[in-house]
**Student:** 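Please find one structure pasted underneath; my questions will follow.
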Amino acid sequence: MHWADYTAQRLIERGGRQVSASGITPSGDFHIGHLREILSAEMIHRACIDAGIESKYIFIVDSMDPLRRVYDFLSPEYKRYIGHPLAYIPAPDPDGKPGEGGNTYAEHFLDPFLKALGEIGVNPEVVMNHETYESGGFAEFIDSAITRKEEIGGIIQDIAGRDLGEDWFPYNPIGSDGSMDGVIVTGYERPFVHWTDSHGIDGKSDIRKAEGKMPWRIDWAARWAIHGITCEPAGKDHGAAGGSYDTGIPICRLLGGNPPDKIVYEWIQLKGMGPMSSSSGLTIGPMEALSLVPPEILRYVIARSKINRHIEFDTGGALFRTADEYERLVSNPTLVDEGMTKRQLVAAQTQVGAIRLSQVEPGSDPRKSIGGVSFSHLSMLAQIKSSDEDVWGSLNRSGHIQGEPSNSLVVRLARMRNWIGGAHFPIDAKIEIKKRISDEARVNIDMDGRKFLSSLSSLLSECEWSDEGINAAIVNACESAGIPIGSGYSSLYWVLIGRSYGPKASSLISEMDREGVLSLLGSA
RNA sequence: GGGCCUGUAGCUUAGUCAGGUAGAGCGCCGGGCUUUUAACCCGGUGGCCGGGGGUUCGAAUCCCCUCAGGCCCGCCA
């Protein structure tokens, strides 16, 4: 059984209406790792619906979280906003300076992410956490947290092993300058929390408004209660012993809620493309990933892996394998039949589940999502045929498609061309026409091969410059050199791409200009 | 120091929660498609399930120990 279906079964035992949730702080660009947070929860939500129980999926944006520091992509002007909620500070402009556009920091990073989510079929109910504060949604929980401050502090000290200082208070008010940093609580008279800020100014915050927020561990526990969340997969950082999941559960109960069961997912790591990490400033964003691969493949990357396993996101060769695997599984579905051993049965069901959950449109027929061509084959055609029409023609001739290409295939080719043109395309999948013959090639071409190449050279100088004309020239040159066709092709590939085999040589050559081919052959 | 995850064929892995003769894909090897699209089709090779012990009629699966890798423990998906 697929992990999402398994979790749905557990939720059915829990009973009632299911609410799956994700929460992300929009402190900077969203990256591919955030997609796992979102999709883990969304797939469980879908599995609940498929199992016939009522479920919704909400995406809580931590827009009330303060700016922690001036990140690399921000200009020093942001120093004055440290400690301010992300919902109340201006978005950075292209230079990293506070913009004049009127949109907020939180929106600035959130909007493109939501657009990407739409493309992969995720349409959450978006909750801006600062709005929940503004509307007083947190008020009664803030009040109980303050009332039961000692108990909550005790939970955090015991379970997290953290030493909470004298000034610790389960509510961080916003001071006179808009920052939560350095504000010390001096008293509480419902609904007001009294404080003295870092400038020595006294004031009070109304807990029914967004004039402060609860610290993360309590905020999280309270929102479970507020939204009735029954399922919220969290990253392994929260899942560690003594992490916020462990403290959240008892705190949520204390606040009168019924917390979700702990579900922890592993992280996505980036690999196979050189210096690609947050620290070096190069990450892969959801939009960038979507410009390379179709959305169902991106979903499949998450769906095919167990939730507690690392995923190495590799935009190189591994993506080929994953995409080809997807194509293959859809066009040749795993059959679940009687004769299987229990083991095989479970494996088949898991695979079927992964494909089902990878569909952009829930419940749609997976066969509509494929192009009918493997990624590796398409990448080859895209490289040797500059015109899309020629690609469709070739696919028709090879029997991959009949007639016009499907819409998903058209999109696949466009994305494939992006991928090929970008930095992430794997080197060993790249078809690179040699400028001049390599030394390795020289070694691999014998006397007969040379004879064939020189004969080919003269035939090519006058043949019709088309697939057919060039192919005929190759065949004729083999005959006149008295060598088998196979070895002729092999010599030709050595000259063209430095290997003994390759994509259809006549197609490759017809994409090149005659002079270039002749001078390359001449160098042999 | 505390904790989590992972270790199965050359590679990527399924199967571990519900113990019952190790599955798959890629790669590789061979064959087919009689002028080879890195396509496609057929067949084959390949694993003392990290190691040790225990429970059991039976262990990749449960328990204990151990080795290796990754990660978390202010904030971070």
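No hydrogens, no waters, no symmetry mates; every other heavy atom, side chains included, goes into these values. All figures in this text were calculated on a predicted structure; none of them were measured in a lab. Letters A, B, ... are given to chains in the order of the sequence lines, protein chains preceding strands, and every chain is numbered from 1.
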**Student:** With P as the reference atom in both, quote the distance from U8(B) to G44(B) in angstrom, rounded to an integer.
**Tutor:** 25 Å
**Student:** Can you identify which nucleotide, out of C17(B), C5(B), U35(B), has its nearest atom closest to the H310(A) side chain?
**Tutor:** C5(B)
**Student:** Give a yes/no answer on whether the side chain of K306(A) brings an N or O atom under 4.0 Å of OP1 or OP2 in U13(B).
**Tutor:**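 So the side-chain polar atoms of K306(A) never come under 4.0 Å of the phosphate oxygens OP1 or OP2 of U13(B).
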**Student:** Distance check, C1' atoms only: A59(B) and G20(B), in whole angstrom units.
**Tutor:** 10 Å
**Student:** Can you tell me, in whole Å, how much space there is between the P of C65(B) and that of C5(B)?
**Tutor:**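 Approximately 14 Å lies between the P atom of C65(B) and that of C5(B).
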**Student:** Closest-nucleotide mapping onto RNA chain B: is S376(A) or R217(A) further toward the 5' terminus? I mean the 5' end.
**Tutor:** S376(A)
**Student:** Within the structure shown, what part of the strands sits under 4.0 Å from S305(A) by heavy-atom distance: base, sugar-phosphate, or nothing?
**Tutor:** nothing
**Student:** Return the nearest nucleotide to the side chain of I485(A); candidates are C26(B), U35(B), A38(B).
**Tutor:**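 Among the listed nucleotides, the one closest to the side chain of I485(A) is U35(B).
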**Student:** Check whether any side-chain heavy atom of H238(A) sits under 4.5 Å from a side-chain heavy atom of V264(A), and report yes or no.
**Tutor:** no
**Student:** Whole Å only: how far is the CZ atom of R309(A) from the C1' atom of G70(B)?
**Tutor:** 12 Å
**Student:** I'd like to check L117(A) versus F59(A) (side-chain heavy atoms, cut-off strictly below 4.5 Å). Are they in contact?
**Tutor:** yes
**Student:** Is a salt bridge present between R223(A) and D62(A), judged by a nitrogen-to-oxygen distance below 4.0 Å?
**Tutor:**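 Yes.
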**Student:** Starting at OH of Y6(A) and ending at P of G15(B), how long is that distance when rounded to a whole Å?
**Tutor:** 13 Å
**Student:** State which residues pass side chain to side chain contact (heavy atoms under 4.5 Å, CB included) with N471(A); sequence neighbours excluded, sorted by chain then number.
**Tutor:** I474(A), Y489(A), S506(A)
**Student:** Pick the C1' atom in G46(B) and in C28(B), then give their distance to the nearest Å.
**Tutor:**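 That atom pair is separated by 9 Å.
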**Student:** Is L395(A) touching bases, backbone alone, or none of the nucleic acid, heavy atoms closer than 4.0 Å?
**Tutor:** nothing
**Student:** Report the distance from atom CE of M416(A) to atom C1' of A39(B), rounded to the nearest whole Å.
**Tutor:**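 For the pair M416(A) CE and A39(B) C1', the rounded distance is 14 Å.
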**Student:** Using a cut-off of less than 4.0 Å, is there contact between a side-chain N or O of N308(A) and OP1 or OP2 of U6(B)?
**Tutor:**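 For N308(A), the contact criterion (side-chain N or O under 4.0 Å from OP1 or OP2 of U6(B)) is met.
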**Student:** Is the shortest distance from a Lys or Arg side-chain nitrogen in E511(A) or K504(A) to a carboxylate oxygen in the other one below 4.0 Å?
**Tutor:** no
**Student:** In whole angstroms, how far is the P atom of C75(B) from the NE2 atom of H34(A)?
**Tutor:** 15 Å
**Student:** Rounded to whole angstrom, note down the P distance from C71(B) over to U66(B).
**Tutor:** 22 Å
**Student:** Roughly how many Å apart are G10(B) and U55(B), using the P atom of each and rounding to a whole number?
**Tutor:**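 Their P atoms lie roughly 32 Å apart.
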**Student:** Reckon R328(A) touches a base, only the sugar-phosphate, or nothing at all at heavy-atom distances under 4.0 Å?
**Tutor:**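 Touches sugar-phosphate only.
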**Student:** For the C1' atoms, the ones on A24(B) and on A14(B), what distance do you get once it is rounded to whole angstrom?
**Tutor:**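 Nearest-Å result for A24(B) against A14(B) at atom C1': 7 Å.
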**Student:** Taking atom P of G70(B) as reference, at what distance in whole Å does atom CD of E266(A) sit?
**Tutor:**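 After rounding, the gap between these two atoms is 13 Å.
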**Student:** Any stems for RNA chain B, made of 3 or more Watson-Crick or G-U pairs in a row, each with both distances under 3.5 Å?
**Tutor:** B:1-7 with B:67-73, B:10-13 with B:23-26, B:28-32 with B:40-44, B:50-54 with B:62-66
**Student:** Using side-chain heavy atoms (C-beta onward) and a distance below 4.5 Å, is S22(A) in contact with E232(A)?
**Tutor:** no
**Student:** Using heavy atoms to find the nearest nucleotide of RNA chain B for K504(A) and G33(A) separately, return the residue whose nucleotide is more 5′.
**Tutor:**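 Nearest nucleotide further toward 5': that of K504(A).
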**Student:** In whole Å, what is the span from the CZ atom of F320(A) to the C1' atom of C11(B)?
**Tutor:** 17 Å
**Student:** Are R68(A) and G74(B) close enough that a side-chain N or O sits under 4.0 Å from OP1 or OP2?
**Tutor:** no
**Student:** Is any side-chain heavy atom of W267(A) less than 4.5 Å from a side-chain heavy atom of I311(A)?
**Tutor:**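 With C-beta onward as the side chain, the pair stays apart.
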**Student:** What do you reckon, are the aromatic ring centroids of F452(A) and W494(A) less than 6.0 Å apart?
**Tutor:** no
**Student:** For Y300(A) and I355(A), work out which heavy atoms get closest and say how close.
**Tutor:**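 In terms of heavy atoms, the two residues are closest at CE1-CD1, 3.9 Å.
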**Student:** At less than 4.0 Å, is any side-chain N or O atom of R321(A) found next to OP1 or OP2 of G27(B)? Yes or no.
**Tutor:**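 For R321(A), the contact criterion (side-chain N or O under 4.0 Å from OP1 or OP2 of G27(B)) is not met.
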**Student:** Checking only heavy atoms, does the side chain of S507(A) share a donor-acceptor pair with the base of U37(B) at less than 3.5 Å?
**Tutor:** no
**Student:** Nearest to the side chain of H400(A), which nucleotide is it out of U35(B), C40(B), A38(B)?
**Tutor:** C40(B)
**Student:** With the side chain of H377(A) defined as its heavy atoms from C-beta on, choose the nearest nucleotide among A39(B), U16(B), G70(B).
**Tutor:** A39(B)
**Student:** How close do P294(A) and F375(A) get, heavy atom to heavy atom, and via which atoms?
**Tutor:**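 The answer is CD-CZ, 3.5 Å.
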**Student:** Would you kindly give the CE-to-C1' distance between M180(A) and C75(B), to the nearest whole Å?
**Tutor:**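 Nearest whole value for this atom pair: 13 Å.
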**Student:** Determine the contact category for I431(A): base if any of its heavy atoms lies under 4.0 Å from a base atom, sugar-phosphate if only primed atoms, P, OP1 or OP2 are that close, otherwise nothing.
**Tutor:** base
**Student:** Nearest to the side chain of S394(A), heavy atoms from C-beta on, is which of G15(B), U37(B), C26(B)?
**Tutor:** U37(B)
**Student:** Atom CH2 of W220(A) and atom P of C75(B): how far apart are they, to the nearest Å?
**Tutor:** 11 Å
**Student:** For C29(B) and U45(B), measure between their C1' atoms and round to the nearest Å.
**Tutor:**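 Roughly 7 Å separates the two C1' atoms.
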